[in-house]
Amino acid sequence: MPVTVLLVDDEPLVRAGLRAVLEAQPDIKVVGEAADGAAVIPLVHRLRPDVVAMDVRMPLMDGIEATRVVLRTVPDPPKILVVTTFENDEYVYEALRAGADGFLLKRARPAEIVHAVRLVAEGESLLFPAAVRQLAAEYGTSKAKAVMKRASLTEREAAVLRLMARGLSNAEIAAKLVVGVETVKSHVSAVLAKLGARDRTQAVIAAYESGFVAPS
């Protein structure tokens with residue numbers, strides 16, 4: 001089955017460009033488009049896309065609020081891929097905090113766009129560029145530090161979280177630690193549970209905000 005994608009951007013040329021790139025791939029299918037975040041919810045319910053490629057800056061409802069609403073109201077919600085012009089945009093970081101799963105620059109090369117969609121669809125690694133890691137560290141809070149302290153991660157769980165923060169997939173983490181992929185999945189699940197994180201993105205944000213992992 002192909003990865004299905006909903007494109008959300010108020011610029012028709014951006015949507016057309018993304019559609020052309022993605023539909024050239026045999027394993028990706030664009031199932032719909034929207035010009036504003038306000039139109040996302042009914043389309044997600046009707047089309048059930050695997051991935052929503054979402055601009056963060058739109059006139060009626062921005063990508064941050066649209067992400068929050070999708071994750072709050074849609075059972076088994078799609079992956080959210082933030083699409084933006086500027087990599088150090090605080091809107092991007094807020095969208096990731098709201099629950100978006102990845103990050104894509106509008107000027108990205110076609111191969112990078114395709115890779116990003118496949119990556120977030122798989123859900124086992126992150127698109128978390130250096131500029132966003134730096135923003136996360138700057139947003140550090142005492143609450144994040146307290147959550148990390150209470151989590152009391154084991155040595156192996158801590159190692160897994162550090163590798164997650166570098167954007168490694170489960171298979172890549174398994175190779176680094178010389179363990180099985182299923183073992184890594186168990187550690188990832190434990191990390192998410194201990195941090196009270198919905199997904200990998202939220203766990204990595206907690207790691208940077210708490211200072212557990214430093215931006216590099």
Side-chain angles (χ1 to χ4, degrees), residues 3-23 28-108 112-114 116-121 123 126-129 131-136 138-139 141 143-144 196-206 208-209:
V3 174
T4 55
V5 182
L6 172 64
L7 303 176
V8 186
D9 196 295
D10 60 338
E11 298 181 36
L13 284 177
V14 172
R15 297 200 307 273
L18 289 172
R19 178 182 281 274
V21 168
L22 295 175
E23 292 202 326
I28 299 176
K29 180 180 180 182
V30 176
V31 293
E33 297 183 16
D36 194 86
V40 170
I41 309 307
L43 285 175
V44 167
H45 279 285
R46 180 164 60 87
L47 301 173
R48 303 301 300 174
D50 299 311
V51 177
V52 177
M54 181 106 69
D55 188 14
V56 288
R57 295 176 180 267
M58 293 177 286
L60 298 178
M61 180 185 289
D62 64 30
I64 302 168
E65 183 59 24
T67 295
R68 290 193 185 105
V69 175
V70 166
L71 297 179
R72 187 173 65 243
T73 63
V74 178
D76 191 20
K79 302 293 184 180
I80 308 279
L81 178 62
V82 176
V83 182
T84 186
T85 304
F86 307 107
E87 62 183 341
N88 61 347
D89 190 346
E90 291 189 11
Y91 273 75
V92 174
Y93 180 61
E94 290 299 334
L96 291 170
R97 289 186 83 187
D101 300 279
F103 166 97
L104 177 67
L105 287 172
K106 291 185 180 182
R107 64 175 181 271
E112 293 172 331
I113 294 170
V114 171
V117 168
R118 288 174 177 153
L119 199 64
V120 298
L126 299 176
L127 296 169
F128 213 82
V132 178
R133 294 198 295 267
Q134 186 61 49
L135 281 173
E138 292 171 1
Y139 271 73
T141 64
K143 179 181 178 181
R198 185 183 70 87
D199 55 24
R200 296 169 82 99
T201 303
Q202 303 305 302
V204 169
I205 286 174
Y208 282 111
E209 285 189 344

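The first residue in the sequence is number 1, and the count goes up from there.
Closest approach of Ala100 to Thr201, counting heavy atoms only: O-CG2, 3.3 Å. Between Arg68 and Ala98, the closest heavy-atom pair is CG-CB, 3.6 Å. For Ala144 against Ala206, the heavy-atom pair with the smallest separation is CB-O, 4.5 Å. Across every non-hydrogen atom of Ala121 and Val51, the tightest pair is CB-CG2, 3.9 Å. Here the shortest heavy-atom pairing between Ala95 and Val56 reads CB-CG1, 4.1 Å. Counting all heavy atoms, side chain and backbone alike, Ala197 lies closest to Ala203 at CB-N, 3.7 Å.
Summarising the geometry, atom CG belonging to Leu6 is positioned 8.5 Å from atom CD belonging to Glu33; distances are rounded to the nearest 0.5 Å. Leu7 contributes atom CG, which lies 11.5 Å from atom CG of Asp55 (distance to the nearest 0.5 angstrom). With rounding to the nearest 0.5 Å, the separation of CG in Leu81 from OG1 in Thr67 is 10.0 Å. In this structure, the separation between CG on Asp10 and CZ on Arg15 is 8.0 Å, given to the nearest 0.5 Å. Here CE of Met61 is found 7.5 Å from CG of Asp36. Values are rounded to the nearest 0.5 Å. Going from atom CD1 of Ile64 over to atom CE of Met58 covers 9.5 Å, rounded to the nearest 0.5 Å.
For Arg198, there are no salt bridge (charged side-chain N to carboxylate O under 4.0 Å, His left out) partners, not counting sequence neighbours. For the side chain to side chain contact (heavy atoms under 4.5 Å, CB included) test, residues two or more places apart in sequence or in another chain that qualify with Asp50 are Val3, Thr4.
Side-chain N or O atoms of Arg107 include one that pairs as donor or acceptor with a backbone N or O of Thr85 at under 3.5 Å. Distance alone, capped at 3.5 Å, places no donor-acceptor pair between the Glu209 side chain and the Val204 backbone.
The shortest distance between side-chain heavy atoms of Val52 and Val70 does not fall below 4.5 Å. The side-chain heavy atoms of Leu60 and Glu65, taken from C-beta on, include no pair separated by under 4.5 Å.
Under a cut-off of 6.0 angstrom, the local environment of NZ in Lys29 is sparse, with at most 12 non-hydrogen atoms contributed by other residues, nucleotides or ligands.
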Can you give me every donor-acceptor pair (side chain of residues 39-47, partner residue at least two apart or in another chain, under 3.5 Å) with its distance?
none

Between Glu23 and Val5, is a side-chain contact (heavy atoms from CB on, under 4.5 Å) present by the stated rule, with each step listed?
-> CA-CA 10 Å; Glu23 292 202 326; Val5 182; over 6 Å; no
